[in-house]
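This report refers to the structure that appears directly beneath it.
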Amino acid sequence: MAEIKNIAPSEHHDYQGSKMGMWLFIFTELFLFGGLFLVYAVFRTQYSADFHKAAEETNTFIGTLNTVVLLISSMTVAMSITAIQSNQKGRAIRLLLVTLVLASVFMVNKYFEWGHKFELKLYPGSEVLTNLPKGELLFFGLYFMMTGLHAIHVLVGMILLTVTIFRIKSGHIHTGNFSMIENSGLYWHLVDLIWIFLFPMMYLIT
Amino acid sequence: MSTEKHHISTYMSHGVVLTILLALTALSVGMAELHFGAFSVAVALLVASVKGTTVLTYFMHLKYESMFTRIMVGGVFVIYVLVIVLLFFDYLFR
Amino acid sequence: MSHSETHPQVSYLEYQGKYKGILGWLTTTDHKRIALLYMYCIVVFFFVAAILGLTMSIEKMRPGQDIMNAQTYNGLFTVHGIIMIFMIVIPGLAAVFGNFALPLLIGARDVAFPKLNLFSWYLYVIGAILAVLSQLLKGGAPDTGWTFYVPYSAGSSTNVIWALTAAFILGFSNILTGLNFIVTIHRMRAPGMTWFKMPLFPWSLYATAWIQVLATPIVGITLLMVIAERVLHIGFFDPALGGDPVLFQHLFWIYSHPAVYIMILPAMGVITEIFPTFSQKPVFGYGAIAISSLAIAFVGYFVWGHHMFTSGISYWSKWFFSFLTFIVAVPSAIKVFNWISTMYGGSIQMRPPLLYAISFVFLFMIGGFTGLFLGALATNVQLHDTTFVVAHFHYIIFGGMGFAFFAAIHYWYPKMYGKMYSDRWAYIAWGFTFVGFNLLYFPQFIIGVQGMPRRYFDYLPQFQWGHMLSGFGAFILLIGLILMAWNLIYHVKRGAIAPANPWKGVTLEWQIASPPTLENFEEIPVIKHNPYWFGTEEEIKREKKSVTRNT
Amino acid sequence: MFEGASNLAAGVDRSFILILAIAVFFTVGITAFMIWTVFKYNRKKNKPARQFTGSVTLEIIWTAIPLILVLVIFFYGWKNYAPMRKVPADAMQVTAIGRMWEWSFDYGNGKISKILVLPVDKAVKMNLHSVDVNHGFFIPAFRVKEDVIPSYNNYLWFIPKFKGEYDIFCSSYCGLQHSGMNTKTKVVDPADFTLWLDSLPATGNIPDAEGLTLLKNTGCIACHSLDGAKLVGPTFQAIYGKKHIVITDGKEIEIEVNDAYLISSILDPGKDIVKGFNKGMMQPYRDKLSDAQITLIIDYLKTLTGK
Ligand code: HEA
Ligand code: HEA
Ligand code: CUA
Ligand SMILES: [Cu+2]
């Protein structure tokens, strides 16, 4: 392993460039969710009363808990970058592991939340849902679509962070070359960022 | 590579940012419990925007990025807002 | 690291990397090879989709059913539209000539993320395969039109999901190409090449790339929503479930209008490269052209509503969208005027690329002006959803982007293959193509004005003359295109060896060997001049004198 | 363009001509210029290329002129469009119903026709209604078109100017027989139109009279049938003018059902109880129905004459 660590960054590697690429990718993700936000905004103005009612059915407690969990995980990722930059490899890995644990907590919460909805027969296409007023139906459609898509992003983020951990272990990522951890960190913050907006839209605006 | 200067944030600063974010979360949950009606929508979104900006600025390091990156991020949000405005030109004037 | 040290003289076509033969191509990360990979796919799909178009025209030469039934016809124009739009013109110029020429033009060895570039190509292939599968699987070819309007697309029993998924994946491939280009242009320009010393094709690619990155995700999520509607019964667009069909149209066009500028901007860029080279003088109004690319990209983002004037959107949004539509016409106008002024006072050598470029301007102008008829509210009411629209976009896409593609391939062919095609056959092919093209589409303007709706399998007898002419036009066009293809393909092997700089161009790609070596530049050039700097007038006169003295 | 046959056609055609003039002027001019330069500055003439790079004055000119022209076009297009959205108050209303793949036209009162017959010189407002997917209602000769979208209340209006027959197309793609979804509109003399409409059989759903709607919405028909069946309360069939026995203050008296009796039965049902029914079942509707509404109900009850 020791030799690999000393490999000079390849000629083609461009730190600023890869970060810029990551930002551009983040923009596309923002616009992907942006499309759904547009839909939400339109229906929310058309059916504000129904949205109000439906949003009361979502579990604010789990929502808040998950917000807190994601915010903390965002911080640990940010800290692990600090750790790498200050050459504290072990600490960086530990912080990322904490992040992964938090991410799993998020997913478990999500699982229970969705599970509860399914118990109440509130899932897309169910009879209960189809008989709800139009606005509530749309709200739950959006709820599943948005939180579902977000959950997929959480999973992708987890995979990215896991790979990052291994790359730190193997010495590919170090004080002199940390664009990978920085970029997966950016991705993780994006996941957080999206949730910051989903949270009030789904749980708070009642 | 290693010649480039990077800003290294301290652990402390991350902790402070997190505290602010948690406080804002508490604020918006609290506001929602109070039921201000249409007003609470505005507040919730406003708080979310503040939180989002905080994450962008500190966690995502925008504060220490090049001018161009910052303009780019700002520009993208401006475009998105313009799209919303134009879309609502339709829905609000129906 | 640098391959050029070990194989200094081998061209990218011959270079043998880790793998040989076909595998060498499929694993390549060289931008020039990827460009060719794209080109071969695109030409094959163009052939397929064009034949579909041809069969449609034949069917319509007489009213009533002749060679196919209505369901087949509906499937045909859908698939024709999907292939042409998502697989040919949207990636088209950017992926083929952008990939090939962008690094050369800015003095780089490759794009910023070569592996990602190859990955985009694979995504493209996967998307393309899905699109083709959607035709062949049982269930039948999708029959929604390339616009996938709900509620019909949510209900149709054909393979709509396949087509939607295909479009989604193709969109992603596109985003990644755009992302790659933005970073390339920002980070990899040769030393000394400031933004305003960058050639104009990269400028147009830059503007295009931003649209690709910022607009494509919206259609991605929209298509996902339609899939969700079909599979999970989440009815965002289904009126029975409270959804809003017009909202789909908004979301679709938020992407698909900017997409038309994804198609045309690189085309304009190519044309901007060709005029100065064949006039031997700098581009007229360099700054104006560069800025107008950005302006088109920016304003073009906000005019999507002009596809929805009759769908029941609010009065004031019609007003505003119409207004903005006219504003985007202005930068296009600026470009046209600058192109023609570039030729003025030059030393013009009429060669096939220039001929295609001039035809581009002519056809683009007709397409653009008919866009104005569509953008004006009063006339749009009459012309919307008629063959006038069909003629408008064939003129501007095929006549614009298509002819720019032909111009580009004739222009960079010597650089790509190191061979020359036959000028004579290029002219003959041009003749058939140009005449056939106009005969094919011009009558559709007239019957469109008279009220012939589009996407019509059958029609009333009074429209027959137009369809008849169109059919003949399609055949003539077919001959032209086959001749062109033959001329190009044949001369890859048999053509005369091309010199490094057959057109006396001054941009960087002409300063290196034809075909270029793997790493393009042995030494990255340092840029001092405007990209279209042919020397001062004195220098040119001096050179000219010395040439005449020597001969 | 070909002859326009509605009040809106002239405006559309004028905008068209304006744009056409500008388009032809520039297309011809620019093409001619290109051809001229190719010959004039051809390399065969062996003149060196001149190395100028641009001119700010020219850039400004050819930004300003097209800008002005497009704004003129925009304004003209809008001006001629505006009347299309201003429906006169006295316009006759017809509902065009689009379904895969045919049109039908609802003139009200259950009168539904497959072709659109209209009186000449009279404003009509077409309400566009779709029962399945998007369609497009398009009459080229009248220069009108609007999409027919489910759950949307789209409309258009026009005044047919000349008698005759004109094509109606479905302009928005709607599936297999989209191209077959066409019909005709026949513009006739007003007198002929009235004749035609009267002779048109009422085959469609006749909408409920206002009184009936009130009975339904207020819940009266939960207890009162319209067809003679005995429910919780007496039937409404042939109720007006009927003579029957009621119990008032414990005494049986015969009354004839008239306006006053009906009003009192609705406002104060406990006063006279129809023999064979129970007191106290029906609540007084004093605060729930206005006088006007009661009048409407009574008007409707009068129409229930039995067979
Ligand atoms: C490459 C693709 C491309 C491009 C560049 C354009 C360019 C333009 N388009 Fe087009 N358009 C399409 C592809 C394109 N379009 C497609 C595919 C559709 C149909 C989609 C579907 O429904 O299937 C469509 C449909 C479409 C519609 C909707 C029609 C309808 O369905 O009702 C409208 C309406 O406004 C429109 C307008 C315009 C305008 C104003 C421009 C302008 O940008 C044009 C600007 C150019 C010029 C004006 C000419 C050059 C200028 C001069 C020579 C100088 C002089 C100029 C002046 C004095 C003004 N287009
Ligand atoms: C790039 C875009 C593009 C191109 C090039 C074409 C090309 C052609 N299109 Fe296209 N067309 C669309 C995009 C395009 N189309 C779109 C988006 C629609 C709307 C779909 C919808 O409504 O949803 C449409 C709709 C459409 C219709 C309207 C259907 C309807 O509304 O009822 C028709 C009807 O005739 C038609 C015909 C043709 C024809 C005859 C050609 C011809 O020009 C084709 C000419 C080519 C040949 C005749 C074959 C020759 C080629 C080769 C032999 C290959 C060799 C070439 C090389 C190697 C370079 N098209
Ligand atoms: Cu109905 Cu097309
Ligand atoms: Cu458009």
Side-chain angles (χ1 to χ4, degrees), chain C residues 70-71 145 149 151-152 239 245-246 279-282 284-286 288 310-312 315 319 322-323 326 329-330 333-334 337 340 343-350 358 361-362 365-366 369 372-373 376-379 381-382 384-385 449-451 453 455-458 460 534 536-537 540-541 544, chain D residues 1-2 11-12 15-16 19 23 26-27 30-31 33-34 37-38 41-43 47-54 59 62-63 66-67 70-71 73-74 76-78 80-81 84-85 133-134 136 138 140 143-147 149-152 154 167 169 171-180:
Chain C
Q71 184 64 35
Y149 273 16
Y152 187 74
V246 172
S279 313
Q280 291 295 302
K281 66 188 275 290
F284 193 91
Y286 170 93
T310 65
S311 66
Y315 184 75
W319 187 92
S322 173
F323 176 77
F326 283 106
V330 176
I334 296 176
F337 290 122
I340 60 174
M343 287 199 292
Y344 180 84
S347 162
I348 296 173
Q349 185 189 24
M350 198 41 147
I358 290 176
V361 174
F362 176 74
M365 226 162 24
I366 297 184
F369 280 123
L372 301 183
F373 289 89
L377 287 170
T379 39
V381 169
Q382 173 73 354
H384 172 71
D385 269 346
V449 169
Q450 291 173 342
R455 296 175 174 171
Y456 259 33
F457 162 70
D458 194 3
L460 300 178
F534 289 79
T536 62
E537 294 198 7
I540 288 173
K541 267 187 206 131
K544 192 122 210 145
Chain D
M1 262 192 185
F2 63 112
V12 173
S15 316
F16 191 95
I19 309 174
F26 277 96
T27 311
I30 290 173
T31 311
F33 183 84
M34 285 193 296
T37 39
V38 167
Y41 295 102
N42 204 292
R43 198 165 295 172
K47 269 201 236 117
R50 287 160 53 198
Q51 300 296 312
F52 51 83
T53 56
E59 295 299 342
W62 62 52
T63 308
L67 186 64
V70 291
L71 288 181
I73 297 177
F74 160 70
Y76 217 71
W78 170 49
N80 286 313
Y81 175 75
M84 298 190 188
R85 295 281 99 188
V133 299
N134 299 353
F138 180 27
R143 313 284 190 270
V144 293
K145 178 185 293 126
E146 182 87 4
D147 294 355
I149 293 181
S151 84
Y152 268 65
N154 287 354
D167 294 315
F169 295 119
S171 59
S172 184
Y173 178 67
C174 55
L176 187 63
Q177 290 297 340
H178 164 60
S179 61

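Just so it is clear: chains get the letters A, B, ... in the order the sequence lines come, proteins before strands, and each one is counted from 1.
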(request) Under 4.5 Å, counting heavy-atom pairs only, tell me which of Gly145(C), Ala288(C), Ala376(C), Gly285(C) racks up the most with chain D. (result) Gly285(C)
(message) Tell me whether Lys281(C) contacts the main-chain N or O of Gln51(D) through its side chain, where contact means a donor paired with an acceptor under 3.5 Å.
(response) no
(message) Under 4.5 Å from any heavy atom of chain D, what part of Ser311(C) do you find: side chain, backbone, both or neither?
(response) both
(message) Quick check on Ala70(C) against chain D: is it the side chain, the backbone, both or neither that has a heavy atom closer than 4.5 Å?
(response) both
(message) For Ser15(D) and Asn80(D), which I'm curious about, is there any donor-acceptor pair between the side chains at under 3.5 Å?
(response) yes
(message) Quick check on Glu146(D) against chain C: is it the side chain, the backbone, both or neither that has a heavy atom closer than 4.5 Å?
(response) both
(message) Using the ring pair (Phe, Tyr, Trp, His ring centres under 6.0 Å) criterion, which residues pair with Tyr76(D)? Sequence neighbours excluded.
(response) none
(request) Select, from Ile30(D), Ile73(D), Thr63(D), the one with the greatest count of heavy-atom pairs under 4.5 Å involving chain C. (result) Ile30(D)
(request) Between chain D and each of Gly346(C), Gly345(C), Ala329(C), count heavy-atom pairs under 4.5 Å; write down the option with the most. (result) Gly345(C)
(message) At a heavy-atom distance under 4.5 Å, which candidate from Leu460(C), Asp458(C), Val381(C) has the highest pair count against chain D?
(response) Val381(C)
(request) Report the distance from atom CD of Gln280(C) to atom CZ of Arg50(D), rounding to the nearest 0.5 Å. (result) 15.5 Å
(message) Report which part of Leu67(D) has an atom under 4.5 Å of a heavy atom belonging to chain C: side chain, backbone, both, or neither.
(response) both
(message) Set out, in order, the CA-CA distance, both residues' side-chain angles and the distance that settles side chain to side chain contact (heavy atoms under 4.5 Å, CB included) for Ile149(D) and Val246(C), then state yes or no.
(response) CA-CA 8 Å; Ile149(D) 293 181; Val246(C) 172; 3.6 Å; yes
(request) Report the distance from atom CG of Leu377(C) to atom CH2 of Trp78(D), rounding to the nearest 0.5 Å. (result) 9.5 Å
(message) Heavy-atom pairs under 4.5 Å with chain C - which of Ile19(D), Thr37(D), Val133(D) has more of them than the others?
(response) Ile19(D)
(message) Is Tyr152(D) close to chain C through its backbone or its side chain, or both, or neither, when contacts mean heavy atoms under 4.5 Å?
(response) side chain
(message) Is Met84(D) in contact with chain C via its backbone, its side chain, both, or neither, using a 4.5 Å heavy-atom distance?
(response) side chain
(message) At a 4.5 Å cut-off on heavy atoms, which part of Phe33(D) comes close to chain C: side chain, backbone, both, or neither?
(response) side chain
(request) Count the heavy-atom pairs under 4.5 Å between each of Pro66(D), Gly175(D), Ser151(D) and chain C, then report the option with the highest count. (result) Gly175(D)
(message) If you count heavy-atom pairs within less than 4.5 Å of chain D, which of Phe457(C), Tyr149(C), Phe326(C), Phe362(C) leads?
(response) Phe326(C)
(request) Only counting residues at least two apart or in another chain, list the ones meeting salt bridge (Lys or Arg N to Asp or Glu O under 4.0 Å) with Asp147(D). (result) none
